[in-house]
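These values consider heavy atoms only, across backbone and side chains, with no hydrogens, waters or symmetry-generated copies. Atoms within a ligand are numbered from 1 in the order they appear, just like the ligands themselves.
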Amino acid sequence: MKQFDYLVLGSGIAGLCFALKVAPRGRVAIVTKKDRAESNTNYAQGGIAAVTSKEDSFELHVRDTLAAGAGLCKEEVVRTIVSEGPARIAELIELGMQFSEREIPASKGARELDLGREGGHSKRRILHAKDVTGREVERALLNAASQQPNIEMFENHIAIDLITSQKLGYVGANRCLGAYVFDKKSRAVETFAAGVTLLATGGCGKVYLYTTNPDIATGDGVAMAYRAGAAVANMEFIQFHPTCLYHPKAKSFLISEAVRGEGGVLETQDGVEFMNAYHPLKSLAPRDVVARAIDSEMKKSGADCVVLDITHKPARFIIERFPNIYQTCLSYGIDITKEAIPVVPAAHYQCGGVVTNVDGETEITGLYAVGEVACTGLHGANRLASNSLLEALVCAHRGAEKVTADKPSPADFKIPDWQSGHATNADELVVVSHNWDEIRRLMWDYVGIVRTNKRLQRAQKRLANLQQEIHEYYWNFIVTSDLLELRNIATVGELIVGCALMRPESRGLHYNLDYPAANPEWSQRDSVLKKAL
Ligand code: FAD
Ligand code: SIN
């Protein structure tokens with residue numbers, strides 16, 4: 001058994017920020033299921049929303065966040081996160097993060113942070129590192145973590161399940177004691193025990209057939225927390241990003257909303273601008289509106305995609321501002337300085353998650369959740385662009401402060417070793433990959449941008465059958481990471497459908513043709529699911 005003071009599951013912005021803050025006070029294990037940089041964070045393009053300019057104010061950022069969230073944000077949480085953002089940004093810069101700068105006009109060479117714009121923001125307020133903000137965040141944080149002797153990193157280790165006092169049969173308040181972790185290289189399951197466990201496992205884009213997310217995003221943290229008895233909320237609010245590159249060879253490549261922020265216009269393949277028919281902010285309307293509009297245009301015309309045109313901007317500006325998007329599109333034969341970019345919506349961000357307060361505390365003692373895995377109330381029914389990196393920064397800091405102030409008393413529980421099934425059968429691997437594909441396709445077809453009760457119920461039935469098969473496998477066969485992730489995407493699929501069926505209205509990202517309007521009775525209500533233990 002490995003014993004630490006702090007067990008951090010995930011090495012994206014949330015996990016690394018928390019680890020760096022608690023490391024001076026105890027031993028930290030960071031468990032991460034692939035290479036240390038592989039995370040949604042690493043692919044973030046647009047940037048981090050924070051109030052840093054004289055023309056902006058906390059009040060405006062709060063107002064934009066509440067408007068995007070369609071009535072469901074927790075205003076106190078929004079105010080806390082928005083107002084603490086600038087201090088956390090300053091710390092990130094101190095750690096070595098390099099944001100893009102620009103020359104202050106008429107200042108004889110003085111420079112200031114360059115601020116981008118994205119949908120739903122009334123001001124330019126997005127700090128960015130060209131179009132590879134996340135890569136720069138990971139570089140800076142991993143570099144800082146490598147200099148911290150109290151942090152030990154376990155790559156290619158996938159957490160299977162949380163260890164809790166209730167699961168072990170102890171009575172009294174449920175308490176998290178650590179996690180069982182599968183070492184992908186040795187194929188052994190190890191026990192990691194810790195007084196404090198942080199879930200920083202990110203989102204669940206891979207539950208859907210088309211997504212902007214990398215392969216790590218299988219909702220493991222939400223599934224583990226749910227199995228452990230924590231409350232999970234608002235999972236119906238899956239954000240579909242309007243502009244994922246449409247190309248047969250491109251896998252999950254995002255075309256940042258910042259491209260529209262700099263003047264890019266959405267058009268049909270015939271070159272007709274269409275967003276003016278849907279929203280006064282046109283191509284820069286909130287994401288739920290834009291994704292639904294694209295979906296509707298594609299259904300109307302039968303086209304496979306729409307296009308995003310920024311060719312009216314000078315080529316030098318495009319290449320300088322969006323070097324990664326320019327080069328990647330060029331590698332697929334699309335010169336974005338000369339031609340419009342084919343785009344489609346794809347699953348992008350999980351607004352719901354494990355219920356926490358703004359300090360990352362869950363209902364289970366010793367278990368914290370920060371970042372995309374958590375549901376703090378910041379995003380409500382639709383996240384404002386670039387607010388997620390901000391939320392992770394602020395809540396990781398607050399969580400770290402909290403765990404030091406309320407350090408749990410040493411635990412005295414006997415933790416048994418992991419018990420695994422013993423069967424292997426290579427032929428059966430095809431069943432695992434078939435079930436993966438089936439879940440992702442049925443979620444895309446039945447639980448996508450536009451929903452109906454009938455489609456949701458159909459999805460619920462299919463998922464229940466699949467869960468039975470997966471359950472059998474899980475207990476009889478030796479675990480593999482594919483099987484562990486399959487079990488998690490099935491659970492998260494069920495949670496998304498379960499929350500969607502609870503909400504008798506359309507709000508933000510949840511659009512149900514059977515209830516096309518918002519229901520005032522649900523304007524302040526979260527859809528919460530909790531497993532009976
Ligand atoms: P992640 O960064 O996803 O990290 C999760 C970590 O957990 C990974 O290290 C993963 O390997 C690990 N992990 C997962 N499961 C397990 C397990 N079972 N065991 C062990 N380890 C596990 N947001 C913005 O605010 N601004 C942007 O510009 C922006 N652009 C984006 C662009 C793209 C293409 C994508 C996909 C997202 C973007 N987002 C953006 C969203 C944002 O990047 C994420 O919400 C944020 O990075 C999540 O950070 P995190 O630390 O919570 O999770
Ligand atoms: C983007 O660059 O469009 C992504 C921003 C975000 O998801 O917040």
Atoms of ligand 1 close to [X] [distance to a heavy atom under 4.0 angstrom, numbered from 1]:
X: Asp220; value: 15 (N), 16 (C), 17 (C), 18 (N)
X: Thr212; value: 34 (C), 36 (C)
X: Gly371; value: 52 (O)
X: Tyr349; value: 45 (O)

How does [X] reach ligand 1, if at all, at less than 4.0 Å between non-hydrogen atoms: by side chain, backbone, both, or neither?
X: Asn387; value: backbone
X: Ala200; value: backbone
X: Leu389; value: both

[atom1] of [X]: more than 12 outside heavy atoms within 6.0 angstrom?
X: Arg124; atom1: CZ; value: yes
X: Lys282; atom1: NZ; value: no
X: Gln148; atom1: CD; value: yes

Here's a test for you: under salt bridge (Lys or Arg N to Asp or Glu O under 4.0 Å), which of Arg383, Lys123, Arg125 qualifies with Asp64? Arg125
Pick one: which of Glu38, Glu155, Glu485 meets salt bridge (Lys or Arg N to Asp or Glu O under 4.0 Å) with Lys33?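 For Lys33, the salt bridge (Lys or Arg N to Asp or Glu O under 4.0 Å) check succeeds only for Glu485.
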Minimal non-hydrogen separation, [X] against [Y], with atom names:
X: Leu9; Y: Met224; value: CD1-CE, 4.3 Å
X: Val354; Y: Ala230; value: CG1-CB, 4.2 Å
X: Ala14; Y: Ala396; value: O-CB, 3.8 Å
X: Ala291; Y: Pro345; value: O-CG, 4.0 Å
X: Pro214; Y: Lys206; value: O-CG, 3.6 Å
X: Leu162; Y: Ala228; value: CD1-CB, 4.1 Å

Counting heavy atoms only, name the option from [options] that's nearest to [atom].
atom: atom 14 (C) of ligand 1; options: Leu199, Asn488, Asn213, Thr201; result: Thr201
atom: atom 29 (C) of ligand 1; options: Ala179, Ala44, Ser256; result: Ala44
atom: atom 40 (C) of ligand 1; options: Ala217, Ser11, Ser388, Gly10; result: Ser388
atom: atom 8 (C) of ligand 1; options: Glu38, Glu485, His157; result: Glu38

What residue and atom, counting heavy atoms only, is the protein's closest point to [atom], and at what distance?
atom: atom 51 (O) of ligand 1; answer: Ala14 N, 3.0 Å
atom: atom 43 (O) of ligand 1; answer: Asn40 O, 3.5 Å
atom: atom 44 (C) of ligand 1; answer: Glu372 OE1, 3.2 Å
atom: atom 53 (O) of ligand 1; answer: Gly202 CA, 3.3 Å
atom: atom 2 (O) of ligand 1; answer: Thr41 OG1, 2.4 Å
atom: atom 35 (C) of ligand 1; answer: His348 CE1, 3.5 Å

Using heavy atoms and a 4.0 Å limit, tell me yes or no: is [X] in contact with ligand 1?
X: Val373; answer: no
X: Gly203; answer: no
X: Arg383; answer: yes
X: Gly47; answer: yes

Could you check, using the six-membered ring where one of them is a Trp, whether Phe477 and Tyr473 have ring centers closer than 6.0 angstrom? yes
Indicate, with yes or no, if the rings of Tyr332 and Phe253 have centres closer together than 6.0 Å. no
Anything under 30° is parallel, anything over 60° is perpendicular, the rest tilted; go ahead and classify Phe192 against Phe4.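 Because their plane-to-plane angle is under 30°, the rings of Phe192 and Phe4 count as parallel.
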Can you name the residues that form a salt bridge (Lys or Arg N to Asp or Glu O under 4.0 Å) with Asp295, not counting sequence neighbours? Lys299
In chain order, what residues pass the salt bridge (Lys or Arg N to Asp or Glu O under 4.0 Å) check against Arg88, with sequence neighbours excluded? Glu91
Based purely on interatomic distance, does Ile158 place a nitrogen or oxygen under 3.5 Å from a nitrogen or oxygen of ligand 1? no
Check: Lys33 N/O within less than 3.5 Å of ligand 1 N/O: yes
Give every pair formed by an N or O atom of ligand 2 and a protein N or O atom closer than 3.5 Å, one pair per line with both atom names and the distance to 0.1 Å, or write none.
{"unit_1": "ligand 2", "atom_1": "2 (O)", "unit_2": "Gly46", "atom_2": "N", "d": "2.8"}
{"unit_1": "ligand 2", "atom_1": "2 (O)", "unit_2": "Ser256", "atom_2": "OG", "d": "2.7"}
{"unit_1": "ligand 2", "atom_1": "3 (O)", "unit_2": "His241", "atom_2": "NE2", "d": "2.8"}
{"unit_1": "ligand 2", "atom_1": "3 (O)", "unit_2": "Glu257", "atom_2": "N", "d": "2.6"}
{"unit_1": "ligand 2", "atom_1": "7 (O)", "unit_2": "Arg287", "atom_2": "NH1", "d": "2.9"}
{"unit_1": "ligand 2", "atom_1": "7 (O)", "unit_2": "Arg287", "atom_2": "NH2", "d": "3.3"}
{"unit_1": "ligand 2", "atom_1": "7 (O)", "unit_2": "His348", "atom_2": "NE2", "d": "2.7"}
{"unit_1": "ligand 2", "atom_1": "7 (O)", "unit_2": "Arg383", "atom_2": "NH2", "d": "2.7"}
{"unit_1": "ligand 2", "atom_1": "8 (O)", "unit_2": "Arg383", "atom_2": "NH1", "d": "2.8"}
{"unit_1": "ligand 2", "atom_1": "8 (O)", "unit_2": "Arg383", "atom_2": "NH2", "d": "3.3"}
{"unit_1": "ligand 2", "atom_1": "8 (O)", "unit_2": "Ser386", "atom_2": "N", "d": "2.6"}

Only counting residues at least two apart or in another chain, list the ones meeting side chain to side chain contact (heavy atoms under 4.5 Å, CB included) with Ala346.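 Counting only residues at least two positions away or on another chain, Ala346 forms a side chain to side chain contact (heavy atoms under 4.5 Å, CB included) with Tyr210, Thr212, Cys244.
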